Amino acid sequence: MHNYCAETANELETRWQSCWARDDVYAVGNPGDAGFDAKKPKFYCLDMFPYPSGAGLHVGHPVGYIGSDIISRFKRMGGYNVLHPMGWDAFGLPAEQYAIETGVHPAITTKKAIDTFRDQLQRIGFSYDWSREFATIDPDYYKWTQWIWLQAYSAWFDPTSQSAKPISTLMEALEKGDIVPEDANWESKTAVEKAAYVDTKRIAYLGEQVVNWCPKLGTVLANEEVIDGRSERGSHPVVRRPLKQWMFRITAFGDRLLEDLEDLDWPQSTRRMQQEWIGRSEGADVNFALANSDDSILVYTTRPDTLFGVTFMVLAPEHPLVAEVLENPPSSMDVTSVEAYVTEAKNKSDIDRMIDQKEKSGVFTGLQAINPATGEEIPIWIADYVLMGYGHGAIMAVPAHDQRDFDFAETFDIPIREVVRPTSGEDESCFSGNGVAINSASDAVSITNKTTNDAKQIIIAWLEKEEIGSAKVNFRLRDWLFSRQRYWGEPFPVVFDEEGLYYPIQEHKLPVSLPNLEDYTPVESNDPQPLLSKATDWLHTTAGEAGVDPALLPPETPVTRESNTMPGWAGSCWYEIRFCSPHDDARFVNKEAEKYWMGNGIDLYIGGAEHAVLHLLYARFWHKLLFDLGKVECNEPFRKLFHQGLLTSFSFQRKNKTLVPSNLVEERDKKFYEIETGEELERVIAKMSKSLRNVVNPDDVIADYGADTLRLYEMYMGPLEASAPWNTRDIVGVHRFLQRVWRLGIDDLTGELCSNLANEANEDVERALHATVSKVTDDIPKLAYNTAIASMIEFVNTSTSAGALTTGQLDTFLRILSPFAPHIAQELYTRIGGDGYVASQSWPTFDPKMLLADVIEMPVQIMGKVRGRISVPAGANPKEVEEIALHDEQIATLLENITVRKVIVVPNKIINIVAN
RNA sequence: GCCGAUGUGGCGGAAUUGGCAGACGCGCCGGAUUCAAAAUCCGGUUCCCGUUAAGGGAGUAUGGGUUCGAGUCCCAUCAUCGGUACCA
């Protein structure tokens, strides 16, 4: 037998894969390379590169990769230069955790995992340009990751131009007096003070602030990595504590990160999530003077128009004024209870703070502030519902118009004063919407009867005139904490002298290599202890050895290296750029190559929606920084983004909603039972997971059916963006399809070419072929692969039934099949005498005239129900169609005793007769 | 709670600007081929009524609405999934 089966598929697939590798079929050059035509249009199609885990690939991984491979192959055949690379995101926690358990160096396990992943991916037949492969752990790569960090270190954000600039421009402007420091006192500063001031303005800066410390992971985490007070990875408890850490001034880019989302071709939901994460709000800073004191409290509010409704103030327990007042408490303060409350709040984790949101707790300070609008004294409270991390850690409370303040006021019996009336609808107990100001007039200022928006403007103008406040834009986004106390990450190119002053490593001395460690176990300590501090020989060195500019520090000066490392995100923040020229060692990317491939951003970026905020926001930030500094052409890296759906699996659920691993379930009469207990189970959709035993390995699927079947099945399951459950039973459908494709060209019995390929073309088959080419050509750019495959199945069924297909028709069909099932298409293409690789041929065209039939069959409805059908010549005008319909025997009979009121003719679609 | 998405046969899913609901595949039923089975091929398959049939009725989460015509548009409700969580 010579039929298409698992053996046939596996034999021909591995054979062609080695030919592709041998002939570099999918390698693409760069502008300036021999044979590279830079006048051709380009298509840069990128997959989010994987973190290669020791477990290897499961069938969920390739979904997006198959999707990107199909459109890449399609674009190549359409005459584009296609950049379609793959690499590895290889720094990170899992390899390090494994090293802690086994003592095996992360570099070894990571390399092994990469080799496994690469083998598995190559077996699926992707058209990656493997000559561009790299991993983020390669010193040639992380050298430039460190270099980019130095760019941020050596830059500041100029608020006037809203862009990053070299730090030297700041120093010049300060010297010239164009920029004045906050204390208006540049001239009298010492050199060290001047340097310290400039340091506070760097985009990569060392900041002492409260961080999220995860004892279990032994490292700090960025705000984004903390979910409900637990680590995003592993879900371990996180506590907050102050620490000096490297930060990125991402908040400076908040406006641009927000505004530039508008022009991106991204899923609406992802843009929304980024918008909300950035969380821009407009409002005002207002200073409240304390009664009987020179102190004041600065608050941020989005509702300055409710100033007349402020009946108390609240400080976060961590607010500096709290500690200050406790040092020297006024007689009105109940020191014991205030201290107790503050201590308790400090010890509470974020999770505990979030429980019982309704139940507000707090303590009165005994202090009073003065409402600047009314002149009234208002009490100052401390409560943990006010967060130190947002605004100024203090609020003006307006219980009538803010639910939280309302709950608090109710609990502690504080007056509630209504100052906004809704323009419509009933007056709720706590109305937080826009309306019209009431009860808002004093000798100082009046906004009564003004709409909320007008009232805001008036109050802000008044605050500014009185110099007690100003308009302010605030972001939810915090600066990005960029230090980790882990081993398996990029070292920072910076050292400290004995006084704690820091110095960057010179560019030409990069990379700062990661030293080897004997032992990866984190140090048990209340204080975060970076693992690299165990590498004492490496840690303590001299300025010259480390590569500090001798002009900054004499070479023999003893220095300590930075022992924190960069987080896992670092490598994935710019890999898309490096793929343009991965082996360039003169620059982080070749300028011409970057301009050609990324001048208008990446044409298609495919990856999971789980990266909607973190990775995509960080990468955008790095790109904008590099853009401002003139290092890249474009200010957004990913022009078009697409999220593939999650591949789920079936699982089995007991009545009490617990899940049963799939290997403990049996199927009888279409029902599912737990083997041990005999309980009937419900089949539900669940994530693939080891514990549920419902993970499918692509290697097994390939062994049973071949890679082409795997590719086709994953794309045929449904729309690429939708989640769908893996159902092994369904795979045979597309496998049978490929068997029929095979028989179009090959006689199963003899293995020879089918004899009828030489016959004359069949008219119906030819029309069907044009229709299929048209459908597939339309569907691929939309990534609507499931319907493209359906139309190809229909074509094969049509030509199989017709028993007639010419060599030329088969050639055309194999070309449109080739992006989906490249191996079988190549094999048959070669067997029917095609030259070279089908992947390098041109995409077929179709004749639109062939899509139109001469006679069109149209359904005829009477009162919206189909009652018959008629045949009309193509191009008949509506009047003619109406005549034909009304004179149709069957229709005329049905219309005998009723009156025709109206006839609606939709050309080429339908006729509806309104009659009664 | 708030924001967003989704809801179509036994299952995965199709359906241009509103125009024949269920393409295509799985499964199932019947047939051909076979000593037999597998594989393959052909036909059928939304549900209900109708002896097979002819034919009729209902139907795209639920309830209303707009329209000659609604899976598609509008309003309300329910369910599932995702995001978010005191952001002043």
Side-chain angles (χ1 to χ4, degrees), chain A residues 1 3 5 227-229 267-270 272-273 275-277 279-281 283 299-303 306 314 316 353-354 356-358 360 383-387 389-398 401-405 407-408 432 474-478 609-610 612-613 646 648 650 670 683-685 712-713 716-719 721-737 739-740 743 748 778 784 786-794 797 800-801 857-867 869 901-915:
Chain A
M1 284 298 276
N3 64 332
C5 57
I227 297 164
D228 290 349
Q268 177 63 35
S269 57
T270 302
R272 185 55 158 268
M273 280 163 68
Q275 282 165 10
E276 287 176 357
W277 191 265
R280 184 183 193 275
S281 73
V299 302
Y300 171 74
T301 177
T302 54
R303 293 296 299 269
T306 60
V314 186
R353 271 203 190 189
M354 271 181 298
D356 305 329
Q357 281 183 20
K358 279 279 160 213
K360 294 281 183 285
D384 65 4
Y385 82 92
V386 174
L387 309 174
Y390 186 78
H392 305 293
I395 60 156
M396 56 176 235
V398 186
H401 305 290
D402 181 285
Q403 189 63 48
R404 297 153 300 178
D405 299 345
D407 294 342
F408 192 85
S432 56
N474 223 347
F475 292 94
R476 197 188 95 115
L477 181 69
R478 308 257 66 88
E610 66 274 19
V613 173
L646 198 67
T648 54
F650 291 117
K670 292 187 184 173
R683 190 171 77 169
V684 295
I685 286 167
L712 231 28
Y713 172 63
Y716 189 58
M717 294 172 79
E721 66 273 26
S723 297
W726 180 272
N727 193 349
T728 303
R729 195 184 71 186
D730 290 343
I731 301 172
V732 291
V734 286
H735 189 65
R736 284 177 193 154
F737 162 64
Q739 290 178 323
R740 288 197 290 274
R743 278 196 301 272
D748 271 356
D778 273 1
N786 55 332
T787 50
I789 294 167
S791 74
M792 289 191 285
I793 294 174
E794 282 187 88
N797 291 347
T800 300
S801 324
E857 189 178 78
M858 289 173 72
V860 182
Q861 295 182 328
I862 297 172
M863 296 305 285
K865 289 205 186 302
V866 179
R867 297 297 180 185
R869 28 190 85 243
R901 306 277 174 201
K902 195 175 174 186
V903 180
I904 289 140
V905 177
V906 184
N908 298 332
K909 293 272 188 200
I910 204 164
I911 301 126
N912 192 9
I913 299 168
V914 185

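Per chain, numbering begins at 1; letters A, B, ... match sequence-line order. Owing to the predicted nature of the structure, the values given are computational and were not obtained by experimental measurement.
Spacing between B:C48 and B:G64 at atom P, rounded to whole Å, works out to 24 Å. Straight-line distance between the C1' atoms of B:G19 and B:C73: roughly 14 Å, to the nearest whole Å. For the C1' atom pair drawn from B:G56 and B:U67, the interatomic distance equals 26 Å after rounding to whole Å. Look at the C1' atom in both B:A79 and B:G27: the space between them is 27 Å, to the nearest Å. Rounded to whole Å, the separation between the C1' atoms of B:G10 and B:G63 comes to 28 Å. A gap of 25 Å separates the P atoms of B:G12 and B:U17, to the nearest Å. Spacing of C1' atoms, B:G57 relative to B:G18, comes out at 25 Å, to the nearest Å. Comparing the P positions of B:G30 and B:A37 gives a spacing of 13 Å, expressed to the nearest Å.
When the P atom of B:C3 is taken as reference, atom CD of A:Q275 falls 15 Å away, rounded to whole Å. Taking atom CZ of residue A:F737 and atom P of nucleotide B:C26, one finds them 12 Å apart after rounding to whole Å. Distance CD1 (A:I904) to C1' (B:C20): 16 Å, rounded to an integer number of Å. Rounded to whole Å, atom P of B:C26 lies 16 Å from atom CH2 of A:W726. Between A:M792 atom CE and B:A14 atom C1' there is a gap of 15 Å when expressed in whole angstrom units. The nearest whole Å value for the distance from the CE atom in A:M273 to the P atom in B:C87 is 19 Å. Here the P atom of nucleotide B:G57 and the CE atom of A:M863 are 14 Å apart, to the nearest Å. Computed from coordinates, the A:E721 CD to B:G4 C1' distance equals 15 Å when rounded to whole Å.
Two residues are said to be in side-chain contact when any heavy atoms from C-beta on lie closer than 4.5 Å; A:Q861 and A:I910 meet this criterion. Residues A:I395 and A:D402 fail the side-chain proximity criterion, which asks for heavy atoms closer than 4.5 Å. Using a 4.5 Å cut-off on side-chain heavy atoms (C-beta onward), A:E610 and A:L646 make no contact. Inter-residue side-chain proximity for A:W726 and A:I731 is flagged as met; some heavy-atom pair is nearer than 4.5 Å. A heavy-atom distance below 4.5 Å is found between the side chains of A:M792 and A:I789. You'll find the side chain of A:D730 stays beyond 4.5 Å of the side chain of A:Y716, heavy atoms only. A heavy-atom distance below 4.5 Å is not found between the side chains of A:K865 and A:M863. For the pair A:I793/A:R740, a side-chain contact is recorded, criterion being any heavy-atom separation below 4.5 Å from C-beta on.
OP1 or OP2 of B:A15 has not a single side-chain nitrogen or oxygen of A:K909 nearer than 4.0 Å. Regarding contacts with the backbone of B:A14, a side-chain N or O of A:N786 is found under 4.0 angstrom from either OP1 or OP2. A:Y390 has a side-chain polar atom (N or O) that falls below the 4.0 Å cut-off from OP1 or OP2 of B:A88.
Residue A:G718 is the one, among A:G718 and A:K902, whose nearest nucleotide of RNA chain B lies closer to the 5' end (criterion: closest heavy atom). Nearest-nucleotide mapping onto RNA chain B: of A:G393 and A:R869, the residue sitting toward the 5' end is A:R869.
A donor-acceptor contact shorter than 3.5 Å links the side chain of A:N912 to the backbone of A:G864. Side chain of A:D405 to backbone of A:V398: a donor-acceptor contact under 3.5 angstrom is found.
Distances from the side chain of A:R476 to the nucleotides B:U84, B:G27, B:A23 place B:U84 closest. Comparing B:A15, B:A88, B:C26 against the side chain of A:T787 picks out B:A15 as the nearest. Picking from B:C20, B:A85, B:C86 the nucleotide with the shortest atom distance to the side chain of A:W277 gives B:A85. When the nucleotides B:C26, B:G13, B:C87 are ranked by their closest atom to the side chain of A:P725, B:G13 comes out on top. Of the listed nucleotides (B:G19, B:A15, B:G13), B:G13 has the atom at the smallest distance from the side chain of A:P719. For A:I395, whose side chain is taken as the heavy atoms from C-beta onward, the closest listed nucleotide among B:C20, B:C3, B:A88 is B:A88. With B:G57, B:A85, B:C26 as the choices, the nucleotide that has an atom nearest any side-chain atom of A:R867 turns out to be B:G57. Across B:C87, B:C11, B:G13, the shortest atom-to-atom separation from the side chain of A:A724 is found for B:G13. Comparing B:C87, B:A21, B:C3 by their nearest atom to the side chain of A:R404 picks out B:C87. Considering only the side chain of A:D730, B:G12 comes nearest among B:C86, B:G12, B:U84.
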For this session: Test A:Y385 against A:L387 for side chain to side chain contact (heavy atoms under 4.5 Å, CB included), laying out the working first.
Result: CA-CA 6 Å; A:Y385 82 92; A:L387 309 174; over 6 Å; no

Exercise. With Watson-Crick and G-U wobble geometry limited to distances under 3.5 Å, how should the secondary structure of RNA chain B be encoded in dot-bracket form, using | for bases paired to another strand and [ ] for crossing pairs?
Worked result: (((((((..(((......[....)))((((((.......))))))((((.....))))..(((((..]....))))))))))))....

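A donor-acceptor contact under 3.5 angstrom links the side-chain atoms of A:Y716 to the base of B:C24. Applying the 3.5 Å distance criterion, the base of B:C68 shares no donor-acceptor pair with the side chain of A:R901.
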For nucleotides 40-42 of chain B, tabulate all protein N/O to nucleotide N/O atom pairs closer than 3.5 Å, reporting atom names and distance.
unit_1	atom_1	unit_2	atom_2	d
B:U40	OP1	A:Q739	OE1	3.0
B:U40	O3'	A:R743	NH2	2.9
B:C41	OP1	A:R743	NH2	2.9

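Both the sub-6.0 Å distance and the 45° axial angle are not jointly satisfied by A:K360 relative to the ring of A:F408.
Using a 90° window around 0 for the glycosidic torsion, B:G56 falls outside it and is classed as anti.
In terms of heavy-atom proximity, A:V866 sits nearest to A:P859 at CG1-CB, 4.1 Å.
When heavy atoms are screened at a 4.0 angstrom cut-off, A:V906 is found touching base atoms of the nucleic acid.
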